[in-house]
Structure formats: structure tokens, C-alpha cells
Amino acid sequence: MPNFEKLNNPTEGELISFKDGKPIVPNNPIVPFIRGDGTGVDIWPATQLVIDAAIKYTYGTKRKINWFKVYAGDEACDKYGTYNYLPNDTIEAIKHFGVAIKGPLTTPVGGGIRSLNVALRQIFDLYSCVRPCKYYTGTPSPHKSPQDLDIIVYRENTEDIYMGIEWEAEDENCIHLINYLNDTIIPNSPKLKNRALPKSAGIGIKPVSKYGSQRHIRKAIEHAKKLSGDKRHVTLVHKGNIMKFTEGAFRDWGYELAINEFRNDCITERESWILDNVENKNEISIENNARLIEPGFDKLTQSKKESICEEIKNVLLKISESHGNNQWKKLVLVDDRIADSIFQQIQTRPQEYSILATLNLNGDYLSDAAAAIVGGLGMAPGANIGDKAAIFEATHGTAPKHAGLNKINPGSVILSGVMMLEYFGWNEAANVITKGLSKSIEKKLVTYDLARLMEPNVDPLSCSEFAESIIDNF
Ligand code: NAP
């Protein structure tokens, strides 16, 4: 147990441990919680009430969460001193107990203070941000068929522009870097020809590594393996047509992982096409078959033609036996889509998608766009998951103007609690909450944000009344 400066060690409950990146959860785990700033004062008590009630309703006295209050944000400054937004006690507690849940935290503007949310993700190497977007019947939505969307965005959390490595225009180091790139690196990179960066540009770096991409995509595939039917599907979302060595590499490393590490569980879209369409598997006229899958095959270089032929041969020889005759449909399908097209497709063909694995910036935009379709931020949960820790949180912020009014929608943190229960393997309790939430919404027993969008308008419940209504509808 850590030596806390200002926290009293919990007297009841047991530790969650981790093995191979997965949690081993006792029946009475200790779970640190951060209440959160702003509307956290309203949302957290409502959330705790619902989670505790669901566990009691489902498991009686057999299971119980022992909540352990830790501090971050404004509350931490009150307890630990000015500007101590993320005390060491909190970091040590999460490190020790492994799984935490939090309300929203203010990002102080200026003063050189980094986002606390980003800091927590980086300190604990929570490399996958998981954001499910699913429709609950009755939720007002701007979309005609929001029920068709049921996706989970896997957003990489530690690389890409999230690393925040950038230099302001005119800064001395920025000018130095631009000169070095223009004078040395670009002339030595034949493919870049005689391009040059504008002298007055600001510069940001977008690092994407094979290690970082694959550990993230691995989590997405592991998740898809637990789903059933068409939902066993991972789409690698990227902008590889433009950013070949970062976004494009993310896609390639994803396919490589699927084929090498998950050979018995995954099939790529291209492989499934070959199995379904390339005939005459024993006497393969490879060139003819390759022509089928590669438009413009005749114009390709000889080595590219050979690699396509080799690919077809490999698929037919290696996996047609076990995965032919539609057997591949039992596997996790791995395909890829360009980022801009997926924004269209989650609106026009949402039922075709399940897990979208992507880099940081794409995932940020995509998860908010998807949340809007199913009812907005008040219903959008999230989890940040690593190999030795996980933090569950709402996707929205502190909404300061609504703070302390017992008015705001606690749905997002409650649904983050549902994700936490699923992470524990306590699916029965998780299902009880989603059932209660769905029924409450169907009966139009909702907070102001949803009530004002319902037609005709309904009288809103308060934050705490909404929590009670969820429990009444278990
Ligand atoms: P925000 O707190 O998300 O609030 C913007 C608006 O979204 C609110 O005014 C409200 O709209 C709606 N909203 C937010 N939470 C809601 C909920 N639970 N139920 C229903 N509607 C909800 O965004 P912000 O005002 O830009 O950010 C405020 C602070 O939060 C900033 O310091 C920011 O850095 C921080 N932040 C923290 C996190 C985090 O902790 N993960 C995430 C994002 C932002 P109406 O007023 O129209 O009803």
C-alpha cells in the first residue's frame, strides 16, 4: 500500500491485479474515483448511486465496489494547495489500485498547466481510448435512423498529434528546424523533390509507430473477438492516401497484425474476396485471377504483379481449406476505410460497421460525430485502457454554467460505469443499468438536455431524479 500524504488507506476491499494486460477482479475491489470539477458535483453522486444499486440488485451481498475518493482538479487544489491539480497521492492510488473512474476535469487555461485528462492518459500509458456510440430507444436524435448506429471507436491515445510536439511560428527552434529540413533533409529525400516549407510556418510533429499502432489495434481485435455475427468486424480508419508513412503505415501494420498474430481469428476483406471470387483453386492461373482483384493489373511493375500473385496463391493454399465455403464469415473481418469516407458511411450505412480503430485526431472527431447521431454528449461514455491500468470517464467537459444545479445529464458517466462493469466481467450488472436507462428514456423520464429535444417537449427530471428513475426501471 502506498504511503499517502493526505489520504487514509481504504479499510475494506481488495486489489485488482493485471495479467497479460487483463484485469483480475475480486468480488470486492477497491476503485478510486475522482468526483470531477463543475458538474462533477452533481454527476458523481448520481453515478455512484446507480452503480451500487445495480450491483446490489444483481449480486446481493456477493459483490461490492469499495469506493476510494481521490482528488484532482479544483478539489485537489483545495486539499493539497494552489496549482496542485494532480497530487502525487492520486497518481499513486491509481497506480496501486489499477482501475479508476472520473468525472470531468477543468483544463486550466494558461499558466503552462497541461490538460489533466491528457496527463492521466500519459502517466498510466492508457494507450486505447474506447468510445462506444449506441442508440437508446427514445433518445431524441437529429438522425432519421439512429438505431442503425452501434459502433465502438478505438482512438489511439499516446501518439499522433496528441504528443503535442510542436513549435510556434517564428520561434527560434522552429526557424532552425525549418532551415534544417529545407536545406538538408528534403534535398536528401528524392521523393520530396524540391518542396520547401514556408519560413513563417509553425511546425507540428505526427509520430506514429508500429509498436504503438499494433498494441492499440490488438486491443480492438481482442474486443471484436468477443462480439458475435457481423459485429466481429474491425475497420482500420486512416488517411493513408495522403499521409502514407503515418496513417498509411497504421493501416499496413494493422493488416500485418491481423494476418500474423490473429491468423486463426481474423480475415482481411481482400482475403475474403479472394476466397469468394477466385475460382479454380487447384489449377490456378494466378495472373488471370490477380487481374480480377487488381484493376490496372497490366500496368503494374513486374514485382508488384508477382507479389499480388503470391498473395492470392498464399490465401488459396493456406486458408482456403479452413476458411473457404463461407467459413471466413465466422472470423473477425478486418478492412480499412479512408477517414473522410467513414464520416459519410457512419451516416449513410451505419449498420455495416462495428469497431473503428484509428489514430488520435481521427478518433477525436469521429467519436463526437458518432455521439451526435445517437443523442449527444450527455450519452457518450469513454474508457482509457492500458495494460496495467484503466480510467473510465465521460467524454464531455465540466459544463460550468450548469454546475451544482442538480440539472445535468449524468448518463455519460453512468455509461462509463457500465463500461467499467463490463471490463470487470460483471456484465449482468452492466446490463441492468442499460436496461434501466433505456426504459427511463423510453418513458420520457429524462434530464433537460434530452427533454428539450423531445417532441412534444416534456418536463425534465433533475440529475438525481434521473438516476433514481434508472434504478426504478432496472
Ligand atoms: P463541456 O463542459 O462539454 O460543455 C459544453 C456544453 O455541452 C454544455 O454547456 C452543455 O450544453 C453540453 N453538456 C456538457 N455536459 C453535458 C451533460 N452531462 N449533459 C448534457 N449536456 C452536456 O465543454 P466546454 O464548456 O467546452 O468545457 C468546459 C471545461 O471542461 C473546459 O475546462 C474543458 O477543458 C473541460 N473538458 C474536460 C473534459 C474531460 O474531463 N474529459 C472533456 C472536455 C472538456 P447546453 O448548455 O447547451 O445544455
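All ligand and atom numbering here is 1-based and tracks the order in the structure.
- Listed by chain and number, the residues in a side-chain hydrogen bond (donor to acceptor under 3.5 Å, both in side chains) with E159 are S209 (sequence neighbours excluded).
- A salt bridge does not link K79 to E5: none of the charged side-chain nitrogens sits closer than 4.0 Å to a carboxylate oxygen.
- With no hydrogens or angles considered, a side-chain donor-acceptor pair links N362 and E247 at under 3.5 Å.
- K62 is linked by a side-chain contact (heavy atoms from CB on, under 4.5 Å) to N27, Y59, counting only residues two or more places apart in sequence or in another chain.
- At least one side-chain heavy atom of P132 sits under 4.5 Å from a side-chain heavy atom of I152.
- Protein residues having at least one heavy atom under 4.0 Å from any atom of ligand 1 are K102, P104, L105, T106, T107, N117, G378, E393, A394, T395, H396, G397, T398, A399, P400, K401, H402, I408, N409, Y448, D449, R452, listed by chain and number.
- For N9, the side-chain contact (heavy atoms from CB on, under 4.5 Å) partners two or more places apart in sequence, or in a different chain, are M1, F4.
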